[in-house]
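Working notes for the structure below.
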Protein chains: 2
Amino acid sequence: MGSSDIFRPLRVDAARNREAILEAARQVFAESGMDAALEEIARRADVGIATLYRRFPTRQDLVAAAFEPRLRAYEAAARAAIAAPDPWEGFSTFVRTACSMQAADAGCADVFSLTFPTTTELDRQLRAATAGLNDVIERAKAQAALRADFVLEDLVVLLMANAGVVNATKRHAPEAWERFAAYMLDAFRAPGASPLPEPVGPARLARAIRRSTARR
Amino acid sequence: MGSSDIFRPLRVDAARNREAILEAARQVFAESGMDAALEEIARRADVGIATLYRRFPTRQDLVAAAFEPRLRAYEAAARAAIAAPDPWEGFSTFVRTACSMQAADAGCADVFSLTFPTTTELDRQLRAATAGLNDVIERAKAQAALRADFVLEDLVVLLMANAGVVNATKRHAPEAWERFAAYMLDAFRAPGASPLPEPVGPARLARAIRRSTARR
DNA sequence: AACGAAGTGGAACTGGCCCTACGCTTTTGT
DNA sequence: ACAAAAGCGTAGGGCCAGTTCCACTTCGTT
């Protein structure tokens, strides 16, 4: 990847530990979100905390590496939407898939909602995948399935909202998001019932994203 | 209030400090949510941490006291909705008001979305106020302004969702919630475009609420 | 089998926050 | 003016998470 010139393979024990850390990280991030305790991850991987730091100097390095499979899944969902013959079908399936991933994995809730500061590379890819949907969106509008004033950023806002739903309900009503997503899809469906306030333009949303450290 | 039999007035300096603490708490809670650091509140009130603890032995005592004006405002908004001649008008104004309060005050985002464990008394009142809306909801359905499958709990879920939006956008796109709320209102408006998944019944939502400590 | 490089884990330091104990200060009532 | 009651702030112990350091172990090579 983007590391040094000479690619030196890891020693086998080191490689094994690296995998154990990633596996543990995926579990823990899924349960507790991207701001979970690193020591918990090390503990669960049966590895000293220093080992974790040596392999992943910053939290973001670990997040990026652990999140990769989910990113692929997200990209795949976007591609599926693009490839779908019926654009509304593609669009709505994508929405449900992404929301369901958020529900199943607290890390996805954090990352899809761009609420967690990730590597520039990771969120470049995430945005790219999302932006790819512009095509479906246009086609869905063209056949008057999607309301004309819908914009790509509405999708991001939806994921932020869904993260809120999921976060509040995951313990005792883990399927609440389904009804919520259905409402949103109804809202997106043409014709728009009433005029909407301006969307926050892509530029501002982008700036918004960079640094909502999720605070707490 | 609910304290001891003999009501002993506070010494004037103590009363002054109490007010300072409440004022600081309101500021800090509004900025950082209900899980803000108590020491920060004491610091900002120019008061020792022990004073804060003496006056408000638990975090929830402080939250309840600090939140009171907001609770009143919420109740007032609900009453206004009930009193509105046009039920849809009343309903939608209420939704916008509650969302806007969440946007303006991170504490409201936490409490309205029932994401933060509060005193039983406080959230009893909050629920009562919300439940009062059942009347408007029925009237709005009766005149086919609100879709027939809407339930009261959808309102709570909306507030959870809006908390997510607000949390992610407050720094750089603080009015994003307006467009989101408008979408939701469109979704709620009759006729329902497509069948919805079952709502999570009141009982389960209630259990959900008790203890979503907002984790992180 | 033996040596050096690579890797390891835990101890130690930091800083933030919660919460309590305790000796000092202010108010209040006489 | 003074003493008792009420209130106060600081200091300190506990906990938890992040981060760095370093003496020790394991691996891979010759």
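Quick note on labels: first sequence line is chain A, next is B, and so on, each numbered from 1.
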Check your understanding: Rounded to whole angstrom units, what separation is found between the OH atom of Y53(A) and the P atom of dT19(D)?
Key -> 4 Å
Exercise for review: Output yes when at least one side-chain N/O atom of N17(B) is less than 4.0 Å from OP1 or OP2 of dG7(D), else no.
Suggested key: no
Practice item. Starting at atom CG of L62(B), determine the distance to atom P of dC19(C), rounded to an integer number of angstrom. Key: 12 Å
Check your understanding: Below 4.0 angstrom, N of the basic side chain to O of the carboxylate: do R147(A) and D186(B) qualify?
Key -> yes
Exercise for review: Without swapping roles, check the side chain of R59(A) against the backbone of D35(A) for a donor-acceptor pair under 3.5 Å.
Suggested key: yes
Practice item. Return the nearest nucleotide to the side chain of L38(A); candidates are dG9(D), dG18(D), dG10(C). Key: dG18(D)
**Study point:** Rounded distance in Å - CD (Q60(B)) to P (dC19(C))
**Key:** 11 Å
Review point. Between atom CD in E39(A) and atom C1' in dG15(C), what is the gap in whole Å?
Key: 14 Å
Check your understanding: R55(A) near the nucleic acid: base, sugar-phosphate alone, or nothing, with a heavy-atom cut-off under 4.0 Å?
Key -> sugar-phosphate
**Study point:** Presence of salt bridge, E75(B) and R72(B), under 4.0 angstrom
**Key:** yes
Review point. Within this structure, what is the CD1-to-P distance between I41(A) and dG18(D), rounded to whole angstrom?
Key: 9 Å
Practice item. Round to a whole Å and report the spacing from CZ of R43(B) to C1' of dG9(D). Key: 14 Å
Review point. Can T58(B) and Y53(B) be said to form a side chain to side chain donor-acceptor pair (under 3.5 Å), step by step?
Key: CA-CA 7 Å; T58(B) 75; Y53(B) 273 97; over 6 Å; no
Exercise for review: Please figure out whether V12(A) or I49(B) has its closest DNA chain D nucleotide nearer the 5' end.
Suggested key: I49(B)
Point to revise | R70(A), CZ atom: more than 12 neighbouring heavy atoms under 6.0 Å | key: no
Check your understanding: Looking across every strand, which nucleic acid part, if any, lies under 4.0 Å from R59(A) by heavy atom: base, sugar-phosphate, or nothing?
Key -> sugar-phosphate
Point to revise | Which nucleotide in dC18(C), dG9(D), dC27(D) has an atom nearest any side-chain atom of A37(B) | key: dC18(C)
Review point. Phosphate oxygens OP1/OP2 of dG28(D): is one of them under 4.0 Å from a side-chain N or O of R11(A)?
Key: no
Practice item. Round to the nearest Å and state the distance from D35(A) atom CG to dC16(D) atom C1'. Key: 14 Å
Exercise for review: Answer with base, sugar-phosphate or nothing: what part of the nucleic acid does A14(A) contact at a heavy-atom distance below 4.0 Å?
Suggested key: sugar-phosphate
Study note, to complete from the structure: Separation of dT25(D) atom C1' from R54(A) atom CZ, nearest Å, is 12 Å
